[in-house]
Structure formats: C-alpha cells, structure tokens
2 protein chains.
Amino acid sequence: MDRGTDADPPTPGPTTLHAPTHRETLWALEEAFGEGALVTVFGRCTVEYEGRAASSLGPGDRLLILKPDGSALVHTDENQSPVNWQPPGSEHRAAVRDGRLRVRSTRENPDERLDVRFERVHQFSGLPVTGGRSLEVTGSEADLKRRVLERPDLVEAGFTPLATERESAAGPIDVYGEDAEGTPVVVELKRKRVGPDAVGQLKRYVEAVSRERADDRSVRGLLVAPSVTDRARAMLEHDGLEFVAMAPPVSEESAESAESDSSSDSGESSDPSPSSAESDD
Amino acid sequence: MDRGTDADPPTPGPTTLHAPTHRETLWALEEAFGEGALVTVFGRCTVEYEGRAASSLGPGDRLLILKPDGSALVHTDENQSPVNWQPPGSEHRAAVRDGRLRVRSTRENPDERLDVRFERVHQFSGLPVTGGRSLEVTGSEADLKRRVLERPDLVEAGFTPLATERESAAGPIDVYGEDAEGTPVVVELKRKRVGPDAVGQLKRYVEAVSRERADDRSVRGLLVAPSVTDRARAMLEHDGLEFVAMAPPVSEESAESAESDSSSDSGESSDPSPSSAESDD
DNA sequence: CGTGCCAGGTGCCAT
DNA sequence: ATGGCACTTGGCACG
C-alpha cells in the first residue's frame with residue numbers, strides 16, 4: 001500500500017494517545033474530525049441521554065465511537081448493540097467542564113441529546129476509515145420474490161403474478177396475481193419463520209383487496225415463508241388463509257467455494273491455544 | 001502476560017500495537033481474550049458472512065470490534081449499525097492464512113460464520129472494559145402502562161383495568177378491562193406514533209376475545225398512543241376501533257436538573273472551532 | 001430453547 | 001420530511 005510516499009497522504013494512519021489530558025483529547029478530536037476520521041475514545045465515563053426517551057448510565061470504562069457522518073456509539077463489554085447511541089446526522093461537540101471531558105452529540109427532529117462525560121480518558125484514537133461500504137447480501141426477501149416471479153409454479157400450479165408492491169388501502173402487497181381459475185391471490189413473502197404478525201399483515205391485505213372488489217368472488221391470501229409457528233398456523237386456518245413453504249434461495253457463488261483452499265501454506269501461526277488464536281480450520 | 005505487578009491489577013490499561021505484524025496481532029489477541037478485554041482491530045480487510053443470510057464485502061479500511069461475550073462488529077465510517085456482525089455467544093478464532101490475518105467468528109443455532117481477512121493491520125487495541133452495564137430508561141411502553149393503570153380515567157371515564165398481559169389466542173393483551181357499562185375493552189399501548197401494524201395487532205386481539213365470548217356483547221378495541229398515521233386512522237374507523245391520544249410520561253428527576261450547572265468554572269477549554277470542540281453550552 | 005413482542009429499534013425507499 | 005416495512009433485526013420475558 002502507498003503508506004510511505006511523499007504525495008498527498010491517502011491514508012495518514014491512525015493517531016493514538018495514551019492517557020491523554022482532556023485538553024489533548026480535545027485537540028485530537030478536533031483534528032480527527034477535520035480529517036474525516038473515525039474516533040474512538042476509551043475511558044471512565046457516565047452517559048446521559050434525553051430525546052425520544054431518556055436514560056442514565058453510571059460510571060464505568062466504555063468505548064465511545066464517533067463517526068464522521070455524525071453517528072455516536074457507546075459500547076460496554078457485552079452485547080452487540082450499543083448501550084447508548086446517536087444516529088447519523090448528529091453534531092458532535094467536545095468541551096471540558098468541571099474537570100471532565102464532555103462529548104455532546106445532538107440532533108433535531110427529533111430533538112435529542114447524548115452526553116458522555118469522561119472522568120478519565122485511557123486512550124484516544126483517530127482512525128481514517130475508508131474503502132468500500134457496499135455490501136452484497138443474498139437470502140433476503142427480495143431474493144425470495146425473484147424466485148417466486150421466476151418460478152410461480154413453485155407457489156402453485158397455474159399461479160400467475162400480475163404485480164409486485166401493488167398498492168392497497170392496507171399497504172403495498174408483495175406479490176399480487178391470480179390462480180388457475182382467475183381468482184385474485186394476495187401473496188405475502190417472509191424470508192424466515194413467521195409468527196402472528198405476518199398473518200395479520202396478510203389478512204389486512206386480503207381484506208383490503210376484497211373491499212376493493214364488489215363482486216362476490218373471494219380473494220385468496222397466501223403466505224410464502226420457510227415455516228410458521230403453531231399460533232400463526234392456527235390464525236391462518238381460522239382466517240381461511242393458506243401457507244406455502246419456501247425459503248429464499250442461496251446464491252451459487254458464495255456457498256462453498258470461499259473456503260476450498262484448505263491445504264495451502266499458512267505463512268505463520270501461533271500455538272493452538274484453548275479458545276483463541278488457532279491456526280487450523 | 002501479567003502486565004507488571006503480581007497482585008491482580010485492577011485496571012491493566014489498554015494495550016495498543018501500531019502496524020503490527022500478523023503474528024504480533026495474533027499474540028495480542030490471545031492475551032487480550034485471556035484477560036477478558038474488548039479488542040479493536042483497525043486495518044484493510046474483506047468480510048464474508050454466511051448463515052441466516054450471506055454477504056460479501058470488498059476490501060477497505062474498517063474497524064473490527066471483538067467483545068469478550070462473543071460479539072463481533074465490523075464498522076465502516078458511516079451508519080450507526082455495523083456493516084457485518086456476529087451475535088453474543090459466538091466463538092472468535094484468529095489465524096494467519098495465505099499471508100492474511102483471518103479472524104473467524106462462528107456460532108451454532110443458527111449456524112453462521114463471519115470471516116474478516118486482514119491484508120494489513122494498522123492498529124490493534126486491547127481495552128479492559130469494565131463498570132456498570134445497567135441502564136435506566138424512561139419513556140417506554142412500560143411507563144405508559146403504569147400511567148394507564150394508575151389513572152384509568154385518562155383512558156376513559158369509567159374504565160376499569162382487570163388484567164395486564166392477558167393471554168388470548170392471538171397473543172398477550174397489554175391491558176384488558178371493561179368500560180362503565182361492563183363491556184370488555186382490549187387496550188393496546190404504543191409509546192410512539194403508530195402505523196397500520198399496531199391497528200392490525202389490536203384487531204387480532206379484539207377478534208380473539210370476541211371469539212372467546214359466545215354472547216353477542218361486542219368487544220371494544222382501544223389503541224392508546226401519542227398519535228396515529230392517516231392510514232392507521234382509516235383502518236381504525238373501518239374496523240370500529242377507537243383511539244385515545246396519550247404519550248408515555250417523562251420521569252421527574254431526569255428532566256432538567258442534569259444540566260442546571262451552567263455557570264460553573266470550566267477548568268480548561270479549547271478555542272471555539274467551527275464545528276467541534278466548543279466550550280460553551 | 002422456541003414464541004411473542006417491544007425498541008430511543010435502524011435502514012431503505014416510496015410518496 | 002413522513003410513511004410503510006424489511007432486517008443476519010437485537011434484546012427480554014415467559015412457557
């Protein structure tokens with residue numbers, strides 16, 4: 001990588017401070033923001049939030065992440081989701097008040113504010129995060145929809161899709177079509193096992209379409225998903241709705257080929273430890 | 001390695017490596033995991049995921065967070081949510097393969113795997129995250145429920161709550177009671193403005209209770225929320241359901257007192273810059 | 001462990 | 001901006 005050239009430094013590299021003073025952290029924050037870097041601050045802090053709800057978090061050592069797009073995240077040592085946060089588009093400010101470093105992130109609409117007060121900063125880092133953000137995902141509901149449109153016979157012999165995202169008084173219908181007899185069919189797609197909510201959703205759509213049509217021809221409702229819970233099945237039967245078992249397809253190229261190089265030379269490896277840093281597959 | 005003293009070190013402090021070799025990162029990872037630290041790895045990497053769905057992310061500089069509870073997060077420079085992740089309870093392993101550092105996080109039930117392959121590591125940090133994880137939140141649906149139970153007259157004069165989380169064939173009912181005439185009332189609570197989904201939920205509960213009762217006495221359905229969308233209101237009217245505007249209360253102590261110290265001495269402050277590091281309120 | 005549901009859900013895309 | 005909904009939703013509480 002072009003890390004050491006003299007021309008404009010594409011990747012200035014991380015900036016890290018150990019046990020900095022609050023003033024030093026303030027400087028570093030300003031510089032990192034100016035460079036569009038992602039900032040992490042690790043230290044003993046309290047967190048206060050007020051906005052859509054309100055919350056308070058007592059003192060502890062946590063990791064604060066400030067992104068250049070205005071996002072803020074406060075992470076503890078457990079859970080995947082942050083204990084406190086601020087959405088993208090917020091404004092970050094830092095100041096020293098009462099001997100503590102206060103990082104305040106605010107936004108409007110809705111009006112909300114996050115205050116992280118550091119009694120002590122153990123480490124500051126400014127990280128120039130760049131590179132591709134685009135993610136390819138397969139196995140989504142969109143994939144399932146494509147599958148249904150390509151092979152409507154998998155739903156039911158004689159099924160003919162007529163529209164997707166068809167509007168109704170109850171909202172957009174995933175796939176709308178008709179069966180071999182020309183009866184309207186409302187199809188609701190779910191990429192995974194469904195509960196009562198999906199049945200309710202399908203029912204709303206079916207009723208909306210039924211009301212649109214003055215004729216006595218009944219409208220069929222079809223739930224396409226890998227499986228349903230017991231309660232959902234009972235609701236389906238009670239409401240005269242149908243279920244077709246189908247799962248979103250897995251894309252061909254991502255399946256097994258990625259890890260087929262199981263016999264190559266591993267340049268180096270650590271000794272196999274009980275729970276981490278293994279070198280074998 | 002036990003960083004210095006022999007007695008248990010209360011806060012060993014962060015461990016940071018700059019542009020480490022893959023082998024050095026491997027060692028540091030192992031040690032950090034052993035100490036129960038939170039690990040951050042910043043570097044140029046690709047990410048592959050396969051499990052409930054599948055995804056692929058091309059090369060770029062990103063921040064990987066590994067928590068001692070098994071969570072893994074891959075963050076880019078934008079968005080509050082990680083671009084890839086692995087839930088708590090996963091197992092993290094690291095190895096060097098084909099000259100790249102591969103961090104693999106796996107779990108079972110469901111079977112899924114996250115592979116982060118670092119072409120180059122810019123920075124490694126092991127952070128001993130500790131301290132309170134408990135968060136007090138107000139303004140939730142539970143607060144709204146308490147409010148309704150304390151002051152049922154705010155819902156409607158003569159309303160009498162009889163049960164909360166009352167079971168029905170369609171699921172648990174937030175608040176179940178009866179009005180001044182003794183007619184059953186199903187109440188669904190929402191902490192914020194609601195759409196069609198909440199109306200559908202309420203309708204399911206009302207119908208379930210109606211089916212339970214053989215008598216001809218109709219069951220009332222009541223949606224309690226701050227507001228409703230147009231479409232939701234139309235659905236309410238069509239289904240003969242009712243709406244009462246009510247928002248969850250804000251707790252008394254968290255409101256304004258937190259920031260009342262607006263005239264204290266600010267020990268130090270940076271010069272006010274355009275968009276960051278301000279020292280005033 | 002599965003089922004059901006709230007969440008400061010977030011994010012995406014439509015009007 | 002608001003609305004409607006999918007999401008590797010996450011997280012919790014309960015059977």
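Each chain gets a letter, A, B and so on, in the order the sequences are listed, and its residues count up from 1.
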Return the set of residues passing side chain to side chain donor-acceptor pair (under 3.5 Å) with Glu78(B) (not counting sequence neighbours), or none when no residue passes. Arg133(A)
Excluding sequence neighbours, so at least two apart, what forms salt bridge (Lys or Arg N to Asp or Glu O under 4.0 Å) with Glu167(B)? Arg231(A)
For the residue pair Trp85(B) and Leu114(B), establish whether any side-chain heavy-atom pair is separated by less than 4.5 Å. no
Looking only at atom types and distance, does a side-chain atom of Asp239(B) sit under 3.5 Å from a main-chain N or O of Leu236(B), one as donor and one as acceptor? no
Side-chain N,O (Trp85(A)) to OP1/OP2 (dT10(C)) below 4.0 Å: yes
Rounded to whole angstrom, note down the P distance from dG4(D) over to dT8(D). 23 Å
Strictly below 4.0 Å, heavy-atom distances to any atom of DNA chain C: list the hits from residues 224-234 of chain A, or just say none. Thr229(A), Arg231(A)
Indicate, with a heavy-atom threshold strictly under 4.0 Å, whether Asn84(A) touches base, sugar-phosphate, or nothing. base
Please give, in whole Å, the distance from dG9(C) P to Lys190(B) NZ? 11 Å
Classify the nucleic acid contact of Gln86(A) as base, sugar-phosphate or nothing, counting any heavy atom under 4.0 Å across all strands shown. base
When we call it a touch if two heavy atoms are under 4.0 Å apart, what does Arg193(B) touch: a base, just sugar-phosphate, or nothing? sugar-phosphate
For DNA chain D, determine which residues of residues 140-152 of chain B have any heavy atom closer than 4.0 angstrom to one of its atoms, and list them numerically. none
Using nucleotides 11-15 of chain C, report all nitrogen or oxygen pairs with the protein that are shorter than 3.5 Å.
{"unit_1": "dG11(C)", "atom_1": "OP1", "unit_2": "Gln80(B)", "atom_2": "N", "d": "2.8"}
{"unit_1": "dG11(C)", "atom_1": "OP1", "unit_2": "Ser81(B)", "atom_2": "N", "d": "3.0"}
{"unit_1": "dG11(C)", "atom_1": "OP1", "unit_2": "Ser81(B)", "atom_2": "OG", "d": "3.0"}

Checking His92(B) side chain against Ser71(B) main chain: does a donor-acceptor pair fall under 3.5 Å? yes
Pick the C1' atom in dG10(D) and in dA6(D), then give their distance to the nearest Å. 14 Å
Arg166(B) pairs by side-chain contact (heavy atoms from CB on, under 4.5 Å) with which of Val186(B), Val209(B), Asp174(B)? Val209(B)
Which of residues 161-176 of chain A have a heavy atom under 4.0 Å from DNA chain C? none
Got a sec, which residues hit side-chain contact (heavy atoms from CB on, under 4.5 Å) with Lys145(B), two or more places apart in sequence or on another chain? Leu149(B), Thr164(B), Glu165(B), Val175(B), Leu189(B)
Take Arg191(A) and Gly195(B), find for each the nucleotide of DNA chain D with the closest heavy atom, and name the residue whose nucleotide sits nearer the 5' end. Gly195(B)
Inter-nucleotide C1' distance (dC7(D), dC5(C)), Å rounded: 16 Å
Just by modelled atom types, is the Asn79(B) backbone N or O under 3.5 Å from a matching donor or acceptor in the Lys67(A) side chain? yes
If you take all heavy atoms of Met246(A) and Val148(A), which pair is closest and at what distance? SD-CG2, 4.1 Å
Counting only heavy atoms from other residues, nucleotides and ligands, does the tally under 6.0 Å from CG of Asp111(B) exceed 12? yes
So with a 6.0 Å cut-off around CD of Glu212(A), is the heavy-atom count from everything else above 12? yes
Using a heavy-atom cut-off of 4.0 Å to chain B, what are the terminal contacting nucleotides of DNA chain D, in 5' to 3' order? dG3(D) to dG11(D)
Just to verify, what does Arg107(A) make a salt bridge (Lys or Arg N to Asp or Glu O under 4.0 Å) with, not counting sequence neighbours? Glu112(A)
Considering only heavy atoms from C-beta outward, does the side chain of Thr40(A) approach that of Leu64(A) to under 4.5 Å? no
Are Glu207(A) and Lys203(B) ion-paired here, with the side-chain N under 4.0 Å from a carboxylate O? yes
5'-most contact on DNA chain C: Val194(A) or Val137(B), nearest heavy atom basis? Val194(A)
Determine the contact category for Pro196(B): base if any of its heavy atoms lies under 4.0 Å from a base atom, sugar-phosphate if only primed atoms, P, OP1 or OP2 are that close, otherwise nothing. sugar-phosphate
Using the ring-ring contact (aromatic ring centres under 6.0 Å, His included) rule, collect all pairs that involve residues 36-64 of chain B, keeping only residues at least two apart or in two chains. Phe42(B)-His122(B)
State whether the side chain of Ser90(B) and the backbone N or O of Gln86(B) hold a donor-acceptor pair below 3.5 Å, judged by distance alone. no
Please name all residues satisfying salt bridge (Lys or Arg N to Asp or Glu O under 4.0 Å) with Lys190(A), sequence neighbours left out, ordered by chain then number. Glu188(A)
Kindly indicate whether the side chain of Arg193(B), heavy atoms from C-beta on, has any atom under 4.5 Å from the side chain of Thr229(B). yes
As a quick check of understanding, evaluate side chain to side chain contact (heavy atoms under 4.5 Å, CB included) for Leu57(B) and Val83(B), giving each step before the final call. CA-CA 9 Å; Leu57(B) 182 63; Val83(B) 64; 3.8 Å; yes
How far does the C1' atom of dA7(C) sit from the matching atom of dG11(C), given to the nearest Å? 15 Å
Residue-level proximity of residues 199-206 of chain B to DNA chain C when a heavy atom falls under 4.0 Å: Gln201(B), Arg204(B), Tyr205(B)
